[in-house]
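Written below as structure tokens is the structure these notes are about.
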Amino acid sequence: MIHCAICFHNTGQLYQAAYVALLSCFANTNSALHVHMVVDDSVRPYHALFEELCAAHGHRLTIHPAPSVPGSVLSLFHENSVGKYTAASLYRLCLHELIDADKVIYFDCDIVFERDIADLDAIDVDGVWMAATHDPERTWSMRKRGYYLKRLGIAEDRYFNSGVLVLNLKKLREVSRSSPDGNVFWAYYRELAARHPHLPYPIYDQDMLNAMLSRDRERLALTDASFNYELCLFKRRCLPMDALRGKILHFPALKPWQKFFPAHMIYWKYFARTPWGGETCERIAERMFDPKDTRMRMLMDVWRSPGPFRWLWKLLRHTPLLRG
């Protein structure tokens, strides 16, 4: 049986995104799953929805109450409130305390599976703490490279997104036994905060994990980008659905329920099969035809008729102004 976990605080309609993530996962696997949901009281009204979903597909569900994250750790992050990030972003770092298994696959709510989760389960994490995805197409500005990556000691060529992780729970329990809090991550967070009292660009758990593990090849194994394919990158926003097959897709920014880009259709494909599926066309239309969003109209024109734009770019590329 494959153990997988999803952790969240319900901000708005995030429970619907979590439902889509699980539904897409179930639709693309024949393996038996044990789903672990780590949630706070904001999700309690929707427990029955997830119980029915898992039962309908023959998978086991365990709902874990939110773990206790030390206040001294929460205070390290900006705006510890319902907003861009919440304490739920740190629940994944407590999974070794909650789940009685040797390994678990963690994924965010803004994930859509277009490949079998068993492919993730097949990744060997023996001896390491976790496996994560490095995306070589991610680019960094010179300012962030110097002020951010270098300052925190993050290896750019090994920077990973924490939205999909294969966690070696057995190993994490072993290394946490010697930690004062019983959790190896909390001690490191305090140590890093002491060295850098004004952390730049903090992304709750992700940047801290990268500062902790990106340079350590004995603790972190990296997978290819298809296991956590970030659709926020500009040139991926207009990819056709055929180009997205065989990947685990991630919407770390520009969420489908906030904006519309052509590649978001993969999310709405599964949303149409949820209890709210009857609202699919209406919701897409609300996001596609926002009169204030001039960039979206331009992208839709490019997507529908790329030929003239390619011709225009070739013309401009040979002008003296662009040649410099």
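At least one side-chain heavy atom of Phe160 sits less than 4.5 Å from a side-chain heavy atom of Leu209. Looking at heavy atoms from C-beta onward, Leu22 lies in side-chain contact with Phe107 at the 4.5 angstrom threshold. Contact of the Phe50 side chain with the Leu61 side chain is registered, since non-hydrogen atoms from C-beta on lie closer than 4.5 Å. By the 4.5 Å heavy-atom criterion applied to side chains, Pro262 and Arg237 are not counted as neighbours. Looking only at side-chain heavy atoms (C-beta outward), Arg158 and Leu222 come within less than 4.5 Å of each other. Looking at heavy atoms from C-beta onward, Val166 lies out of side-chain contact with Val104 at the 4.5 angstrom threshold. With contacts defined as side-chain heavy-atom distances shorter than 4.5 Å, the pair Trp129/Leu220 does not qualify. You'll find the side chain of Glu218 stays beyond 4.5 Å of the side chain of Val128, heavy atoms only.
In this structure, Phe113 has its ring center at least 6.0 angstrom away from the ring center of Tyr270. Separation of the His59 and His34 ring centroids does not fall under the 6.0 Å cut-off. Ring centroids of Phe251 and Trp268 are separated by 6.0 Å or more, keeping the two rings apart.
Counting all heavy atoms, side chain and backbone alike, Ile6 lies closest to Ala18 at CD1-CB, 3.9 Å. Looking at every heavy atom in both residues, Leu172 comes nearest to Ser176 through O-OG, 2.8 Å. Nearest heavy atoms, Ala272 versus Thr280: CA-OG1, 3.4 Å. Taking all atoms of both residues into account, the shortest heavy-atom contact from Leu254 to Cys232 is CD1-O, 4.3 Å. The two residues Arg115 and Ser226 have their closest heavy-atom pair at NH1-OG, 2.8 Å.
For Lys259 and Glu286, the salt-bridge test fails: no basic side-chain N is under 4.0 Å from an acidic carboxylate O. Ion pairing between Lys171 and Asp126 fails under the 4.0 Å rule for side-chain N and carboxylate O. Look at Lys103 and Asp121 and you find a salt bridge, because one of the NZ, NE, NH1 or NH2 atoms lies within 4.0 Å of a carboxylate O, short of that distance.
A donor-acceptor pair under 3.5 Å is absent between the side-chain atoms of His3 and the main chain of Ala101, judged by distance alone. With Asp157 contributing its side chain and Tyr159 its backbone, the two residues share no donor-acceptor pair below 3.5 Å. Looking at Ser214, its side chain never comes within 3.5 Å of a backbone N or O of Ala211 through a donor-acceptor pair. Judged by distance alone, with hydrogens and angles left aside, the side-chain atoms of Asn183 form a donor-acceptor pair with the main-chain N or O of Leu93 at under 3.5 Å. In this structure a side-chain-to-backbone donor-acceptor pair under 3.5 Å is present from Asn168 to Val125. Within the 3.5 Å criterion, the main-chain N or O of Phe271 finds a donor-acceptor partner in the side chain of Thr274. At distances below 3.5 Å, not a single donor-acceptor pair connects side-chain atoms of Ser31 with backbone N or O atoms of Ala118.
Put simply, the residue from Arg245, Lys247, Lys269 that forms a side-chain hydrogen bond (donor to acceptor under 3.5 Å, both in side chains) with Glu114 is Lys269. When each of Trp257, Trp276, Tyr46 is tested with Tyr19 by the rule ring-ring contact (aromatic ring centres under 6.0 Å, His included), just one qualifies, namely Trp276.
Side-chain N/O atoms of Asp108 and Tyr106 include a donor and acceptor closer than 3.5 Å. Side-chain atoms of Asp205 and Ser89 include no donor-acceptor pair closer than 3.5 Å. When only modelled atom types and interatomic distance are considered, Asn161 and Asn228 share a side-chain donor-acceptor pair under 3.5 Å.
How far NE2 of His9 is from OH of Tyr15: 13.5 Å, rounded to the nearest 0.5 Å. Remark: Glu97 CD to Leu169 CG distance equals 10.5 Å, nearest 0.5 Å. Rounded to the nearest 0.5 angstrom, Ser179 OG and Trp186 CH2 are separated by 10.0 Å.
Around the CZ atom of Arg145, the shell of radius 6.0 Å holds more than 12 heavy atoms that belong to other residues, nucleotides or ligands. Applying the 6.0 Å contact sphere to CE of Met1 captures more than 12 heavy atoms from other residues, nucleotides or ligands. When the shell of 6.0 Å around CZ of Arg217 is examined, it contains 12 or fewer heavy atoms from other residues, nucleotides or ligands.
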For a side-chain hydrogen bond (donor to acceptor under 3.5 Å, both in side chains) check, start with the C-alpha distance between His250 and Asp110, then their side-chain angles and the critical distance, and finish with the verdict. CA-CA 6 Å; His250 190 187; Asp110 53 356; 3.1 Å; yes
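Under the 30°/60° scheme for interplanar angles, the aromatic rings of Phe260 and His264 are found to stand perpendicular.
Take Arg173 and apply the salt bridge (Lys or Arg N to Asp or Glu O under 4.0 Å) test, not counting sequence neighbours, and it matches no residue. Not counting sequence neighbours, the partners of Arg236 by the salt bridge (Lys or Arg N to Asp or Glu O under 4.0 Å) test are Asp135, Glu137.
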